[in-house]
Amino acid sequence: MIINFFIGQRSLEDCTVFIADLVERIRTKPLFTSDELPHYQTALVEHYSHCEAHPKTGKRGRPRKPKVVIDHDLKYATVHKIRENGKVIRVERTIVFGDPETIEQILKASRVSSGINTSFIERSNLTLRNHNRKLTRKTLCFAKQKQALEAQTTIIITYYNFSLPHRGLTLRDSLGRRIKRTPAMAADLIDRIWPMGEILAYPMS
Amino acid sequence: MIDLSTYFCPNPTCKDYGIRGKGNITTSTRYGKNKTHLLRCKTCNQRFSENRNTIFMHSNYSRETIQRIILAVSECNSIRGTARILQLDKDGVNRIVLKAGNHCKRILENLIHDLCLTECQLDELWTFVKKRKLFPTKTSNRSMAATGSGPPSTLNPS
């Protein structure tokens, strides 16, 4: 499921806003995986850390600056793809924060991931590009106004989360019949597929 | 049949304002050429349209047209392309898309929260926003030789 998105530049300020919104929406501390953009690490540390003051020395002078202590249960790993002639030849996975054994246990218990990866977000990026005309490359339909890009991206993410059944999330009932599910159904946010008409007719304050 | 559990009282002074599925909403009557339901809050007696706080409010397009616009845009159709398919005006289609974008934003804000995740992947997607300048910047040297296709030749073609 696409939880949130932010349209802006690839800067630390925008990344901090994006991570702050993401952290507000989740209750647990999941295993974060990303590419090697350093802003994610900085923004995550900002949200999952606390300051610890040094004990007083009793001497004169300015006290030492408080120490930033990162939460021990923060788990963050990066994926670095090494390419040659445009083709991926090797993938380097680095655990930045967290206990490697805990991360291994999470990945073993996971029903979808066998290792540290960003495959699912890359796949959903492609789905977004295929559904959103403003993101389609090498056409004249690129966004001319940020407002229009935001509106169309929001519509398509809502459509993807609530209306569009995902083949990988299909279940089978006791009689062997297929039950189609959307990403929001898999996340227990809704109990049935919401058609787009129903989403548009859902009153919001 | 209308599902009343999704509606709430839109009156900010009512004590049941914004609460869904409390049983205080009832159908009152119908109005307009599309026979739109007029709902009533039993707590404060406020009457309101079933289209209140949705994108169908104050729209000249019918529900079916608006749904078709949004579905067409969601399946990678351009604004002008959608307008041509549905035989509508491109500005009208754009207005509906912007309105639906705001509505969907509030849905994402209000429904996606308190998630229990085990894995979370972060990534970026590249795109750009650009607008052609309609008029070139002012230049002091306005002559065909400076910015145009050159002055006409003075040589005799013969």
Side-chain angles (χ1 to χ4, degrees), chain A residues 3-4 10 22 24-28 30-35 37 40 106 109-110 112-113 117-118 120-122 125 128-136 141-152 154-159 161-162 184 187 189-190 196-197 199-205, chain B residues 3 6-8 10 12 17-18 20 50-57 63-64 66-67 70-71 73-82 94 97-132:
Chain A
I3 298 169
N4 68 337
R10 212 162 166 247
L22 174 68
E24 267 184 29
R25 287 171 192 264
I26 54 180
R27 273 194 302 185
T28 51
L31 164 64
F32 292 101
T33 325
S34 77
D35 52 8
L37 187 71
Y40 291 126
I106 290 172
S110 170
V112 285
S113 296
N117 68 85
T118 53
F120 298 99
I121 187 98
E122 305 283 5
N125 280 350
L128 277 186
R129 275 205 195 279
N130 281 332
H131 276 274
N132 193 346
R133 192 62 163 175
K134 298 264 184 272
L135 297 178
T136 310
C141 292
F142 57 84
K144 281 83 180 177
Q145 287 177 337
K146 197 180 169 188
Q147 201 188 1
L149 176 64
E150 274 176 8
Q152 210 152 317
T154 317
I155 291 170
I156 282 145
I157 287 179
T158 315
Y159 178 63
N161 280 343
F162 293 94
L189 294 177
I190 51 174
M196 205 61 202
I199 293 172
L200 298 175
Y202 193 75
M204 296 303 302
S205 56
Chain B
D3 181 17
T6 59
Y7 291 92
F8 58 86
Y17 167 65
R20 290 177 214 267
E50 66 168 322
N51 290 340
R52 178 74 87 84
N53 293 321
T54 69
I55 76 157
F56 303 121
M57 195 71 187
R63 276 187 172 227
E64 287 72 33
I66 291 176
Q67 285 173 23
I70 300 302
L71 273 177
V73 168
S74 307
E75 291 292 347
C76 203
N77 282 300
S78 57
I79 301 288
R80 282 168 194 253
T82 308
N94 203 24
V97 169
L98 293 177
K99 219 171 158 185
N102 282 333
H103 182 77
C104 289
K105 188 178 269 186
R106 278 184 284 163
I107 284 193
L108 290 181
E109 276 171 11
N110 287 290
L111 295 187
I112 300 186
H113 57 85
D114 290 341
L115 298 172
C116 293
L117 306 177
T118 50
E119 286 176 63
C120 182
Q121 299 186 353
L122 314 163
D123 201 12
E124 315 92 53
L125 191 63
W126 177 88
T127 186
F128 61 94
V129 179
K130 195 175 180 183
K131 185 97 172 79
R132 180 172 66 91

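Chain letters run A, B, ... following the sequence lines, proteins first and then strands; every chain starts at 1. Only heavy atoms go into these numbers, but all of them, side chains included; no hydrogens, no water, no symmetry mates.
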| note | Here the gap from A:Thr158 atom OG1 to B:Ile112 atom CD1, rounded to the nearest 0.5 Å, amounts to 7.5 Å

| field | Spacing of A:Glu122 atom CD and B:Leu125 atom CG [to the nearest 0.5 Å] | value | 9.5 Å

| said: Between B:Cys116, B:Gly101, B:Ala100, B:Cys104, who has the most heavy-atom pairs with chain A when the cutoff is under 4.5 Å? | reply: B:Cys104

| field | Contacting moiety of B:Asn77, where chain A heavy atoms sit under 4.5 Å | value | backbone

| Roughly how far, to the nearest 0.5 Å, is the CZ atom of A:Arg133 from the SG atom of B:Cys76? | 5.0 Å

| From CZ (A:Arg27) to CG (B:Asp114), nearest 0.5 Å | 5.0 Å

| query | Do you know which two heavy atoms are closest between A:Leu189 and B:Leu111, and how far apart they sit? | reply | CD2-O, 3.6 Å

| field | Closest heavy-atom pair and its distance - B:Ser74, A:His131 | value | O-ND1, 2.9 Å

| message | Between B:Thr127 and A:Phe142, does the side chain to side chain contact (heavy atoms under 4.5 Å, CB included) criterion hold? Intermediate values first, please. | response | CA-CA 8 Å; B:Thr127 186; A:Phe142 57 84; 5.7 Å; no

| field | Top contributor to chain B interface from A:Gln152, A:Gln145, A:Glu150 [non-hydrogen pairs under 4.5 Å] | value | A:Gln152

| message | Apply side chain to side chain contact (heavy atoms under 4.5 Å, CB included) to residues A:Thr33 and B:Glu119 and explain how you reach the verdict. | response | CA-CA 8 Å; A:Thr33 325; B:Glu119 286 176 63; 5.5 Å; no

| message | Between B:Gln121, B:Gln67, B:His113, who has the most heavy-atom pairs with chain A when the cutoff is under 4.5 Å? | response | B:Gln121

| query | Among all residues two or more places apart in sequence or in another chain, which pass the salt bridge (Lys or Arg N to Asp or Glu O under 4.0 Å) test with B:Lys99? | reply | none

| Considering all heavy atoms of both residues, which atom of A:Ala151 and which atom of B:Val97 are nearest to each other, and what is their separation? | CB-O, 3.9 Å

| said: For A:Leu22, which atoms come within 4.5 Å of any heavy atom of chain B: side chain, backbone, both, or neither? | reply: side chain

| remark: The interface call for A:Asn132 against chain B, heavy-atom contacts under 4.5 Å, is backbone

| query | Which pair of heavy atoms, one from A:Arg129 and one from B:Trp126, lies closest together, and at what distance? | reply | NH2-O, 2.7 Å

| request: Looking only at non-hydrogen atoms, find the nearest pair between A:Lys134 and B:Ile79 and report the distance. | output: NZ-CG1, 4.1 Å

| query | Most heavy-atom pairs under 4.5 angstrom with chain B, which of A:Asn4, A:Asn125, A:Ile156? | reply | A:Asn125

| field | Interface moiety of A:Asn161 toward chain B, non-hydrogen atoms closer than 4.5 Å | value | side chain

| said: Is it the case that atom CD in A:Gln147 sees more than 12 heavy atoms from other parts of the structure closer than 6.0 Å? | reply: no

| query | Side chain, backbone, both or neither: which part of B:Arg80 has a heavy atom under 4.5 Å from chain A? | reply | neither

| field | Heavy-atom contact with chain A under 4.5 Å, split by part of B:Tyr17 | value | side chain

| Under 4.5 Å from a heavy atom of chain B, the part of A:Tyr159 involved | side chain

| request: Select one option (side chain, backbone, both, neither) describing which atoms of A:Met204 are under 4.5 Å from chain B's heavy atoms. | output: both

| For the candidates B:Arg20, B:Glu109, B:Lys105, which exhibits the highest count of non-hydrogen atom pairs separated by less than 4.5 Å from chain A? | B:Arg20

| query | What part of A:Tyr40 lies closer than 4.5 angstrom to a heavy atom of chain B: side chain, backbone, both or neither? | reply | side chain

| field | Spatial distance of atom CD1 (A:Ile199) from atom OG1 (B:Thr54) [nearest 0.5 Å] | value | 13.0 Å

| said: What's the separation between atom NZ in A:Lys144 and atom CZ in B:Phe128, rounded to the nearest 0.5 Å? | reply: 8.5 Å

| message | If you count heavy-atom pairs within less than 4.5 Å of chain A, which of B:Leu98, B:Ile55, B:Leu108 leads? | response | B:Leu108

| Most chain A-contacting option - heavy-atom pairs closer than 4.5 Å, from B:Ile70, B:Thr118, B:Asn94, B:Asn51 | B:Thr118

| task | Considering only heavy atoms and a distance below 4.5 Å, find which of B:Ile66, B:Leu71, B:Asp3 pairs most often with chain A. | result | B:Leu71

| query | Under the salt bridge (Lys or Arg N to Asp or Glu O under 4.0 Å) test, which residues partner B:Glu124, sequence neighbours left out? | reply | A:Arg10

| said: For A:Asp35, which atoms come within 4.5 Å of any heavy atom of chain B: side chain, backbone, both, or neither? | reply: both

| field | B:Arg52 to A:Pro203 - nearest heavy-atom pair and separation | value | O-CB, 3.7 Å

| request: Under 4.5 Å heavy-atom distance to chain B, tell me which part of A:Leu149 shows up: side chain, backbone, both or neither. | output: side chain

| message | Out of A:Ala148, A:Cys141, A:Ala109, A:Ser110, return the one with the most heavy atom pairs under 4.5 angstrom to chain B. | response | A:Ser110

| query | In terms of heavy-atom proximity below 4.5 Å to chain B, should A:Leu200 be classed as side chain, backbone, both, or neither? | reply | both

